[in-house]
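The block underneath contains the structure these notes are about, expressed in structure tokens.
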Amino acid sequence: MGRRNAILMGLAAVLVLGGTVGASSGQPLREPMREPGVPGGRFVIGVTSDAKTLNPIMSNETSSSMVSDRLFTALTEYDNVAQRLRPALALSWVASADGRTWTWHLRRGARFSDGHPITSEDVLFSFAVAYDSTLHQSIYDLLTPHGQRLHVTAPDSYTVVTRAREPHALMAEAVGSLRILPRHVLERAWRAGRFSSSYSVGTPPESLVTSGPWKLKQFVPREKTVLGRNPYWFGVDARGRRLPYLDELVYLVVPDQNTTVLKFQAGEVDGIDDVKAEDYGTLARNQASGGYTLYDLGAALTSNFFWFNLNTVKRPGGRKPVGAPYADPVKYAWFSSRDFRRAVSMAIDRDAITRSIFFGEGVRNWSLMTPGYRLFHSPRTTAPDYDLPAARRLLARIGFRDRDGDGVLEDARGNPVRFTLKTNAGSTRVQIANFVRDDLARVGIRCTVAPVDFNTMVNNMREDFDYDALLAGLGAAVPPDPGMCGNFYRSSGLSHFWNTRQVRPETPEEAGVDSLFGELLRPAPLAERRRLSARLDQIVDDQCWVIWLPTMKVELPVRNRFGNVQPTILPHRLLWNIETVFVKPRGRR
Amino acid sequence: MRTFVLRRLLQLVPLLLAVIVLTFVLLKLAPGDYLTTLAENPQVSAATLDAMRHRFGLDRPWTVQLALYLKNLVLHLDFGESFSRHQPVFAVLREGLLNTLLLAVAGALVTWGLAIPLGAWAAARHNSAVDRALSLVAFVGLSVPEVLSGLVLLMLAARTGWFPVGGMRSLDWETLSLGGRALDLLRHLALPALVVGLVPLASRMRQMRASLLDVLRLDYITTARAKGLDERTVVMKHALRNALNPLITLFGYTLGSLLSGSLVAEIIFSWPGLGRVTYEAILSRDQYLVVGSVLMAATVLVAGNLVADLMLAAADPRVRRD
């Protein structure tokens with residue numbers, strides 16, 4: 001009798017539980033994962049800096065977004081393994097035949113962490129805030145395809161319609177990237193002009209209402225950020241159990257990377273997002289004894305390169321007339337020679353750089369689309385690679401010879417071939433620049449390395465163009481698509497470093513790149529866009545506008561007692577699927 | 001005495017004003033601004049950067065920015081807002097300040113707790129093996145950079161598990177009892193305080209030694225010895241008190257540099273202090289945060305010097321007479 005009662009009560013409990021889950025979740029999101037897990041436990045990730053703000057609209061650096069992206073969901077999330085969008089708050093979406101109108105169907109029963117339903121009103125509010133010109137944050141560019149704002153309407157509580165004047169290849173990515181904020185909490189602050197300081201790190205945890213898998217438990221400045229489960233979040237596992245599994249996600253602030261590794265080895269940290277290449281060896285050796293795995297994520301998304309200053313004066317009023325080069329005219333003549341740039345590229349021993357500076361953990365790379373951008377990396381794209389005799393022959397052919405026997409080449413008019421290579425001090429870039437200097441000395445080019453303050457370097461490359469050559473790099477594009485790199489490819493772009501912000505393309509090749517890039521932004525099948533991307537890179541590499549340098553490989557350690565750990569090279573490497581990560585029961589480890 | 005303190009406090013006003021103007025000028029002379037840090041993001045366009053610059057008021061001449069800052073400071077006691085954190089500067093600095101003071105005071109305890117007895121011992125055993133050994137140890141301590149000693153201690157902590165590997169509190173701090181919290185804090189404090197404290201140890205020890213040696217050469221010490229007092233009483237009772245006077249002045253001045261002395265240790269030991277905030281603010285050109293932390297450091301420096309003078313006056317009647 002007791003037993004039967006227990007069964008009945010158990011059934012009732014299941015019914016009640018099932019009832020509450022069903023009523024509040026409506027259309028739950030089934031998260032993809034390797035294996036179903038069990039709830040409980042804590043994951044501690046070591047980070048070098050704490051979040052500057054928890055407001056996803058106001059954040060513009062990784063330490064903030066790696067927290068706020070867990071707190072707030074968007075219409076879509078990015079599946080880092082498949083490298084494509086998957087539904088989040090939006091259950092489905094459909095584009096009109098002309099590609100300009102997109103209809104987004106929202107998940108019913110989705111709720112904020114305070115139990116308030118998430119509806120199209122909140123999506124409209126989030127767009128209004130993102131488009132607020134007084135806030136004007138860095139996400140603005142992503143949300144304005146072709147430089148124009150979308151017209152966003154909500155026919156009903158669970159439908160959102162976005163209209164654009166022109167179709168865009170990344171429309172779904174753009175709309176889907178906007179993190180959804182609670183209108184019922186933030187609208188008053190926004191109307192009062194206090195939005196930028198809303199959801200700052202000083203916000204009391206209970207008043208920070210979130211739409212994502214997590215909510216804030218505790219923020220201790222410069223020590224730790226603790227997230228807890230958002231009980232209302234709509235994600236479930238294959239058995240219908242609510243996610244996230246973990247009770248707590250802790251971001252432990254450890255500013256020094258050496259200390260982070262020590263903390264990991266002492267067991268105080270469960271995973272690290274960013275490890276120095278010099279630590280890969282030690283971490284790899286102690287895997288078995290330390291009970292962790294060092295995951296090899298392949299080439300980083302960051303590319304390294306240097307370029308010669310081909311910038312010309314764009315606006316009248318300066319010391320030099322419009323159209324005149326900023327660089328010394330003698331040097332400008334060398335720099336603008338494609339053969340000179342190709343010879344320089346052929347003089348660089350990239351494998352030596354990888355061996356010495358990346359401790360062997362690096363790859364040769366010839367594009368912004370490093371091998372880390374799996375969908376768009378084209379293995380056939382290459383620029384002139386290390387070939388000393390060919391470099392010497394090419395230099396001789398364009399009239400660069402050592403006329404006075406001092407070991408330094410002179411150009412046809414007798415000017416010694418010397419230039420300065422600037423880069424930012426206090427980074428591995430200085431070491432890379434030293435390798436470039438030694439390599440160029442071998443073909444008779446005298447290169448002097450000048451490490452400068454980061455801000456000085458940026459000022460040089462964007463404002464006063466006071467440099468011969470500059471060594472820098474570009475970070476990750478999110479979503480991982482060449483369409484996000486318009487500032488680099490387009491001749492009018494701010495990061496078209498060798499000759500930025502051209503009024504109209506100054507060379508036929510750059511005009512070609514501009515038009516190819518325009519094509520790349522049009523909606524097309526992936527294969528077609530890959531082809532365009534590869535053609536784009538082939539022009540850049542053929543011209544040697546930038547001299548590519550190797551890219552570091554990324555490896556990171558995570559303890560084996562966690563299940564569903566799938567670190568990816570795309571951001572945020574370790575945390576993108578943290579809601580499915582769980583602590584393995586002792587028997588399954 | 002009261003007029004003396006009042007006068008010193010009034011001197012603070014022009015001093016702080018000068019500090020603000022100087023910091024502002026230096027910040028503006030250096031190239032770049034807060035938005036320069038966005039340079040390596042391929043997605044941010046020139047138009048967006050200009051709009052953001054306008055929003056932060058960075059497109060106005062620096063004199064206007066300075067005038068606005070001073071106006072808000074004087075009228076509303078408003079130290080401005082941090083660009084990166086969108087929080088009032090004062091709120092950002094407040095907690096870091098307490099943590100830094102805690103570490104600095106613990107470091108000072110290590111320094112002075114070791115420097116006075118060891119320095120006195122070295123002076124009493126002038127030119128002996130003990131004296132030389134202490135000098136050697138002190139100078140080795142002085143020559144080893146904080147980065148190295150810090151990392152070596154951390155490695156020791158990671159290997160042995162005797163101490164936590166950096167940080168100020170355990171993750172389970174909230175669940176601990178009051179006594180447990182105190183113990184936890186002490187365990188976390190021990191290594192960084194040792195690193196911070198060892199740096200000035202050598203010079204303080206030498207100063208103590210020199211000061212005591214000076215006193216030991218004076219006539220009244222000879223008199224005391226001639227009276228037949230034992231050496232212990234001569235040193236401890238008659239010489240030490242007088243030898244401490246110059247060290248009190250020094251101690252006061254160390255109070256002034258409390259906020260700036262522990263940056264390296266703070267970074268290596270993940271200590272959530274003010275030094276790191278200031279350092280990050282300078283790197284990212286978060287200008288009002290920089291000005292705010294410089295102001296705070298200047299205030300503590302002046303206050304430290306004031307305390308030094310007052311302490312000296314208390315210890316030495318000759319100073320009080322002026």
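Chain A is the first sequence line, chain B the second, and so forth, proteins listed ahead of strands; every chain is numbered from 1.
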**Prompt:** Which bit of A:Asp464 is near chain B, if near means a heavy-atom gap under 4.5 Å: side chain, backbone, both or neither?
**Reply:** neither
**Item:** Interface moiety of A:Val201 toward chain B, non-hydrogen atoms closer than 4.5 Å
**Value:** both
**Asked** If you count heavy-atom pairs under 4.5 Å between each of B:Ser170, B:Gly167, B:Ala158 and chain A, which one has the most?
**Response** B:Ala158
**Request:** Can you establish whether the number of heavy atoms outside B:Tyr279 located under 6.0 Å from its atom OH is more than 12?
**Result:** no
**Item:** CD1-CG distance between B:Ile268 and A:Asn258, expressed to the nearest 0.5 angstrom
**Value:** 8.0 Å
**Atom group of B:Leu283 that falls short of 4.5 Å from chain A, counting heavy atoms** = backbone
**Request:** Please determine, among B:Leu154, B:Asn99, B:Leu171, the option with the most heavy-atom pairs under 4.5 Å with chain A.
**Result:** B:Leu171
**Request:** May I ask you to check whether over 12 heavy atoms, not counting those of A:Lys276, lie within 6.0 Å of atom NZ?
**Result:** yes
**Request:** Tell me, yes or no, whether the heavy-atom count around B:His54 atom NE2, taken from other residues, nucleotides or ligands under 6.0 Å, exceeds 12.
**Result:** no
**Request:** Between chain B and each of A:Ser196, A:Ser64, A:Gly493, A:Ser49, count heavy-atom pairs under 4.5 Å; write down the option with the most.
**Result:** A:Ser196
**Prompt:** Under 4.5 Å between any side-chain heavy atoms of A:Met58 and B:Arg85, yes or no?
**Reply:** no
**Asked** Which atoms of B:Arg169 come close to chain A, meaning under 4.5 Å heavy atom to heavy atom: side chain ones, backbone ones, both, or neither?
**Response** both
**Contact check, side chains of B:Arg285 and A:Asn455, non-hydrogen atoms, under 4.5 Å** = yes
**Message:** If I take atom CD from residue B:Glu280 and atom CG from residue A:Asp50, how far apart are they, to the nearest 0.5 angstrom?
**Reply:** 7.0 Å
**Prompt:** Checking heavy atoms, do the side chain of A:Asn460, its backbone, both or neither come under 4.5 Å from chain B?
**Reply:** neither
**Message:** I want to check something: taking the side chain as every heavy atom from C-beta on, are A:Lys52 and B:Val92 in contact at a cut-off of under 4.5 Å?
**Reply:** no
**Message:** Using a 6.0 Å cut-off, check whether atom CG of B:Leu29 has over 12 heavy atoms from anything other than its own residue.
**Reply:** yes
**Message:** So for A:Val44, is it side chain, backbone, both, or neither that comes closer than 4.5 Å to the heavy atoms of chain B?
**Reply:** side chain
**Prompt:** In terms of heavy-atom proximity below 4.5 Å to chain B, should A:Leu54 be classed as side chain, backbone, both, or neither?
**Reply:** neither
**For chain B, the option from A:Gln257, A:Glu248, A:Gln265, A:Gln218 that forms the most heavy-atom pairs under 4.5 Å** = A:Gln218
**Asked** Would you call A:Arg42 and B:Asp172 a salt bridge, taking side-chain N to carboxylate O under 4.0 Å as the test?
**Response** yes
**Euclidean distance, A:Lys263 NZ relative to B:Ser270 OG, rounded to 0.5 Å** = 5.5 Å
**Complete:** side chain to side chain contact (heavy atoms under 4.5 Å, CB included) test vs B:Val165 passes for just one of A:Thr260, A:Val254, A:Thr259, namely A:Thr259
**Contact summary for B:Gly96 and A:Arg222, nearest pair of heavy atoms** = N-NH2, 3.3 Å
**Asked** Heavy-atom distance under 4.5 Å to chain B: side chain of A:Val269, backbone, both or neither?
**Response** neither
**Item:** Distance in Å, B:Trp271 CH2 paired with A:Glu223 CD, rounded so as to fall on 0.5 Å steps
**Value:** 8.0 Å
**Request:** Check whether any side-chain N or O of A:Glu268 sits under 3.5 Å from a backbone N or O of B:Pro164 as a donor-acceptor pair, and report yes or no.
**Result:** no
**Request:** Please look at B:Tyr34 and chain A and tell me whether the side chain, the backbone, both or neither of the residue comes under 4.5 angstrom of a heavy atom of that chain.
**Result:** side chain
**Prompt:** If you measure from the Lys or Arg side-chain nitrogens to the Asp or Glu carboxylate oxygens, is any gap between A:Lys224 and B:Glu174 under 4.0 Å?
**Reply:** yes
